[in-house]
Amino acid sequence: QVQLVESGGGLVQAGGSLRLSCAASGLTFSNYAMGWFRQAPGKEREFVAAISRSGARTKLVDSVKDRFTISRDNAKNTVFLQMGSLKPEDTAVYYCAAAQRWYIDHYVSRREEYDYWGQGTQVTVSS
C-alpha cells in the first residue's frame, strides 16, 4: 500500500531553518510528481511547493519562493522541503503529496490532482 511519511518538523525560532523529508513507499516514485502543502489552524490547506517527476521543474508559492527550496532524490524515494528564514506565519502542519504522471514531467500545484497524502508534520515558528 502507498505510504508517504513526513519528518523533520518541529519548533524553531523566527529566522531559523528546517528541512522536511517525505519518504515514499508502495509506488514507483519516479512516476509521481510530488508536492508540499500546509494547513494552519483555522485555515484551508494551501499549496506550498511542487516538483516534477525528474526534478527538472519546480514551483513555489510566492510567499515562500525566496526562502524555501523543494528537491527530490529518486534513488531514495524521498522529496525534501528546505525551509529558511522561517516566519511565524509559516506555522502549520505540512503535508507531502504524490500525483501520478506516467508520461509528463511537470509539477502539479492543484491539490485536487494529487492521489496520495502523508499524515503531516507540525512546523511551529516562534517569535
Side-chain angles (χ1 to χ4, degrees):
Q1 193 167 18
V2 173
Q3 290 190 55
L4 304 176
V5 181
E6 301 96 334
S7 62
L11 175 64
V12 64
Q13 292 185 350
S17 300
L18 285 173
R19 188 170 91 149
L20 305 183
S21 298
C22 173
S25 61
L27 52 74
T28 302
F29 188 68
S30 61
N31 287 338
Y32 287 80
M34 302 296 296
W36 289 95
F37 291 74
R38 66 187 181 187
Q39 188 165 23
K43 299 181 66 176
E44 296 184 359
R45 190 171 301 186
E46 68 171 347
F47 170 79
V48 177
I51 189 166
S52 66
R53 294 169 58 201
S54 72
R57 297 180 174 89
T58 62
K59 177 69 175 181
L60 295 160
V61 68
D62 286 348
S63 61
V64 309
K65 66 180 181 180
D66 294 328
R67 301 182 293 120
F68 292 8
T69 301
I70 187 170
S71 61
R72 66 190 294 162
D73 186 341
N74 284 356
K76 297 180 178 179
N77 286 10
T78 304
V79 64
F80 305 95
L81 185 67
Q82 181 67 51
M83 305 185 295
S85 300
L86 284 162
K87 304 175 181 179
E89 50 262 45
D90 295 317
T91 295
V93 177
Y94 283 71
Y95 296 91
C96 172
Q100 191 173 52
R101 294 287 185 272
W102 286 352
Y103 304 112
I104 189 169
D105 190 26
H106 202 277
Y107 58 80
V108 176
S109 57
R110 296 184 62 186
R111 62 184 179 185
E112 295 83 4
E113 296 189 46
Y114 280 90
D115 301 299
Y116 303 106
W117 294 83
Q119 82 292 338
T121 185
Q122 177 71 48
V123 172
T124 302
V125 184
S126 65
S127 60

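For clarity, every value in this text was computed on a predicted model and none was experimentally measured. One is the number of the first residue; the rest follow in order along the sequence.
Cation-pi contact between Arg72 and Phe29: present, with separation from the ring centre below 6.0 Å and deviation from the ring axis of at most 45°.
Within 6.0 Å of CD in Gln119 there are more than 12 heavy atoms belonging to other residues, nucleotides or ligands. Summarising the local packing, CD of Gln1 is surrounded by 12 or fewer heavy atoms from other residues, nucleotides or ligands at distances under 6.0 Å.
Residues Leu11 and Ser126 approach most closely at CD1-CB, 4.4 Å, considering heavy atoms. When all heavy atoms of Ala14 and Ser127 are compared, the closest pair comes out as CB-CA, 4.4 Å. Minimum interatomic distance between Ser85 and Arg67 (heavy atoms only, all atoms of both residues): O-NH1, 3.0 Å. Annotation for Asp105 and Ser54: closest pair OD2-OG, 2.5 Å, computed over non-hydrogen atoms. In terms of heavy-atom proximity, Leu81 sits nearest to Ala49 at CD1-CB, 4.0 Å. Taking each heavy atom of Ala98 and Leu4 in turn, the nearest pair found is N-CD1, 3.8 Å.
Looking only at distances, no side-chain donor or acceptor of Arg101 sits under 3.5 Å from a matching main-chain atom of Ala33.
For the atom pair Arg19 CZ and Met83 CE, the distance stands at 11.5 Å (nearest 0.5 Å). The CG atom of Leu20 lies 4.5 Å from the CH2 atom of Trp36; values are rounded to the nearest 0.5 Å. One finds the CD atom of Gln13 at 11.5 Å from the CG atom of Leu86 (value rounded to the nearest 0.5 Å). For the atom pair NZ of Lys87 and OG of Ser63, the computed distance is 8.0 Å after rounding to the nearest 0.5 Å. Note that CG of Leu60 and OG1 of Thr69 are 7.0 Å apart. Values are rounded to the nearest 0.5 Å.
The closest side-chain heavy-atom distance from Tyr95 to Glu6 is below 4.5 Å. Side-chain contact check for Gln122 versus Thr91: some heavy-atom pair is nearer than 4.5 Å.
The side-chain contact (heavy atoms from CB on, under 4.5 Å) search around Ser30 returns Thr28, Asn74, not counting sequence neighbours.
Ile51 and Val2 fall within the same hydrophobic cluster, where Ile, Leu, Val, Met, Phe, Trp and Tyr residues are linked whenever their side-chain heavy atoms come under 4.5 Å apart, directly or through other members. When hydrophobic clusters are built by joining Ile, Leu, Val, Met, Phe, Trp and Tyr residues whose side-chain heavy atoms come closer than 4.5 Å, directly or via intermediates, Val123 is not grouped with Phe80. When hydrophobic clusters are built by joining Ile, Leu, Val, Met, Phe, Trp and Tyr residues whose side-chain heavy atoms come closer than 4.5 Å, directly or via intermediates, Leu18 is grouped together with Val125.
The stretch residues 34-43 participates, sequence neighbours left out, in these salt bridge (Lys or Arg N to Asp or Glu O under 4.0 Å) pairs: Arg38-Glu46, Arg38-Asp90. For residues 98-127, the pairs satisfying ring-ring contact (aromatic ring centres under 6.0 Å, His included) are Phe37-Tyr114, Phe37-Trp117, Tyr114-Trp117, with sequence neighbours left out.
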